[in-house]
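A, B, ... follow the sequence lines: proteins, then strands. Residue 1 opens every chain.
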There are 4 protein chains.
Amino acid sequence: MLHLSINQTDGVPIYRQLTQQITHLIASGRLTPETEMPSVRALAQQLLVNPNTVVRAYRELETAGLLYKKQGAGTYVAPQTATPYTEEECRRLLSERAEALLMEGWRLGYGVERIIELVRECNEQLWGQGGAHKEEESS
Amino acid sequence: MLHLSINQTDGVPIYRQLTQQITHLIASGRLTPETEMPSVRALAQQLLVNPNTVVRAYRELETAGLLYKKQGAGTYVAPQTATPYTEEECRRLLSERAEALLMEGWRLGYGVERIIELVRECNEQLWGQGGAHKEEESS
Amino acid sequence: MLHLSINQTDGVPIYRQLTQQITHLIASGRLTPETEMPSVRALAQQLLVNPNTVVRAYRELETAGLLYKKQGAGTYVAPQTATPYTEEECRRLLSERAEALLMEGWRLGYGVERIIELVRECNEQLWGQGGAHKEEESS
Amino acid sequence: MLHLSINQTDGVPIYRQLTQQITHLIASGRLTPETEMPSVRALAQQLLVNPNTVVRAYRELETAGLLYKKQGAGTYVAPQTATPYTEEECRRLLSERAEALLMEGWRLGYGVERIIELVRECNEQLWGQGGAHKEEESS
DNA sequence: GTGGTCTAGACCACA
DNA sequence: GTGGTCTAGACCACG
């Protein structure tokens with residue numbers, strides 16, 4: 001099961017949220033070449049979006065060379081052609097979001113420490129306190 | 001100087017980024033009634049944005065009752081009519097972003113602790129280590 | 001008025017017929033850079049197809065670098081980046097069709113001369129006998 | 001050896017190219033009743049196509065009454081039941097292709113005469129100048 | 001007015 | 001079952 005999160009209300013086109021997140025999963029090595037992607041219909045149902053939206057995301061990723069399709073047999077992660085993200089790129093991607101979070105916090109009167117506290121709480125809600133996903137630290 | 005940050009590339013309409021952020025500033029009390037807003041031209045120049053975009057944001061905020069115009073004398077924050085954000089609403093707004101940050105981190109192979117570390121670094125870059133904005137904690 | 005001809009019944013996706021024909025028009029110099037393309041809606045109406053089909057064709061031509069869009073102001077032919085067709089390429093493109101025509105003629109019992117006769121007749125029907133489009137010979 | 005030409009890249013389903021061309025061969029009398037068709041495997045190999053595709057084409061032609069199978073003994077052209085193409089139908093079929101050729105030529109800057117010249121050249125390449133298939137003129 | 005996105009649902013091709 | 005294409009119509013962003 002792919003961990004993809006889409007936001008229906010923030011104005012970012014859904015197909016773009018998908019292409020971005022899948023790109024990141026591939027570039028970070030979480031999705032390895034030859035992995036079978038969920039079918040268009042399955043992913044559409046999982047995310048509660050229209051299948052055509054998934055079709056478009058898959059198509060753009062295919063033209064970008066990140067996915068490929070086997071006739072009538074599904075969609076697969078293409079063998080690595082582009083170089084994966086460097087540590088530097090990852091930091092930049094995440095810094096953008098972290099910065100947005102801090103700014104928003106500031107606007108609402110939250111300081112760093114309260115933000116971080118909130119991040120911890122969200123993390124526990126997402127993964128459960130049981131220590132699941134602990135291995136993420138090292139991957 | 002207003003702390004507004006816009007992102008030209010993420011697909012979110014600029015006018016909407018503006019209305020949202022200004023709304024938050026007002027709702028959290030950071031922008032108080034009768035404060036004069038920057039002129040359309042000034043803000044457009046500051047943000048490197050088409051003046052029409054600022055016009056639209058101001059217009060929508062005026063319709064919403066958050067701003068008002070004095071003929072020929074500028075745009076001002078309206079007296080508080082709507083209730084400001086509750087603690088609950090603030091948490092929800094920020095949690096959304098925190099969650100998106102955590103998910104993106106997971107996709108790129110970052111765990112909570114490395115994310116938090118990154119948040120601290122971003123914070124220092126934003127405000128400088130010198131302790132500026134220290135007062136944010138208490139507001 | 002663009003001379004585009006689509007065939008709803010031959011199984012070739014309409015968007016592909018469009019991209020191919022427009023590509024040829026550009027590559028052969030019949031559509032010059034900075035020419036404004038017909039609007040999505042106008043072309044859809046002219047060809048009696050769904051606007052989304054035209055949207056798709058335009059989008060693919062844009063990612064291919066042959067067209068570009070001005071925000072809210074229409075679609076334009078991009079400055080020539082790719083090299084236009086060589087005489088050789090034109091011949092190859094047309095030879096494929098000519099060959100298909102000859103094969104089909106053969107299957108139906110038509111020899112070369114009757115085929116050529118038919119081509120002449122079609123030509124007159126298309127452009128009228130009055131000599132319109134005579135200048136095509138030299139362009 | 002059947003003269004069938006398939007195009008893997010133009011989007012027309014292969015099985016349909018096959019059914020169409022075989023239909024034309026039968027309707028024009030080039031394939032006479034009780035002629036044995038090539039085996040599925042042989043034709044698939046000749047055309048470099050998946051055998052299932054040939055199976056499908058044969059199946060549709062069988063349903064249409066143009067072919068029939070002798071159990072374990074191959075596939076045969078059925079006795080003429082449907083009326084063969086009239087002169088009128090042939091012209092229409094060929095005119096479509098001729099028109100497409102002329103339009104494409106126009107887009108690429110070719111006039112009628114150059115198109116016809118090209119048709120003659122293709123014809124010679126296809127059959128050789130030696131006069132093979134000369135009899136086609138009279139069939 | 002322009003293009004951009006999305007939905008819902010249809011039909012087709014391929015394995 | 002898979003993906004591919006198309007339609008009809010909605011709503012949005014931008015000028």
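With the nearest nucleotide of DNA chain E identified for both Thr53(D) and Tyr58(C), Tyr58(C) has the one nearer the 5' end.
Close to dA13(F), at under 4.0 Å from its OP1 or OP2, lies a side-chain N or O of Arg56(B). Between Tyr15(D) and dC14(E) there is no side-chain polar atom (N or O) within less than 4.0 angstrom of OP1 or OP2. Here Thr75(C) reaches the OP1 or OP2 of dG3(E): one of its side-chain N or O atoms lies under 4.0 Å away.
When distances are taken from the side chain of Lys69(A) to each of dG4(F), dC6(E), dT7(F), the shortest belongs to dG4(F). When distances are taken from the side chain of Asn50(C) to each of dA13(E), dT7(E), dA8(F), the shortest belongs to dA8(F). Comparing dT2(F), dC6(E), dA8(E) by their closest approach to the side chain of Ser39(A) singles out dT2(F).
The base of dG3(E) lies outside donor-acceptor range of the side chain of Asn52(C), with no N or O pair under 3.5 Å.
Contact between Gln21(B) and Ser5(B) at its shortest, heavy atoms only, is NE2-O, 2.7 Å.
Taking CD of Glu89(C) as the start and NE2 of His24(C) as the end, the distance is 9.5 Å to the nearest 0.5 Å. The CD atom of Glu99(D) sits 12.0 Å away from atom CG of Leu101(C), with the distance rounded to the nearest 0.5 Å.
Applying side-chain contact (heavy atoms from CB on, under 4.5 Å) to Arg107(D) and the options Leu25(C), Leu31(C), Thr23(C) leaves one that passes, Leu25(C). The side-chain contact (heavy atoms from CB on, under 4.5 Å) test with Tyr58(C) singles out one residue from Leu43(C), Thr19(C), Leu18(C), and that residue is Leu43(C).
Look at CE on Met37(C): it is 14 Å from C1' on dG3(E), rounded to the nearest Å. Atom CD1 of Ile6(C) and atom C1' of dT7(F) are 13 Å apart (whole Å). As rounded to whole Å, 13 Å separates atom C1' of dC6(E) from atom CG of Leu18(A). Nucleotide dT5(E) holds its P atom 15 Å from the CD atom of Gln8(A), rounded to whole Å.
With Tyr76(D) as the aromatic partner, Lys69(D) does not meet the cation-pi criteria of under 6.0 angstrom to the ring centre and within 45 degrees of the ring axis.
A 6.0 Å sphere centred on CD of Gln45(C) holds no more than 12 heavy atoms belonging to other residues, nucleotides or ligands.
Residues of residues 40-48 of chain A having a heavy atom closer than 4.0 Å to DNA chain F, listed by number: Val40(A), Arg41(A).
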### Message
In dot-bracket form, 5' to 3', how is DNA chain F paired? Count Watson-Crick and G-U wobble pairs only if both distances fall under 3.5 Å, and write | where the partner sits on another strand.
### Response
||||||||||||||.
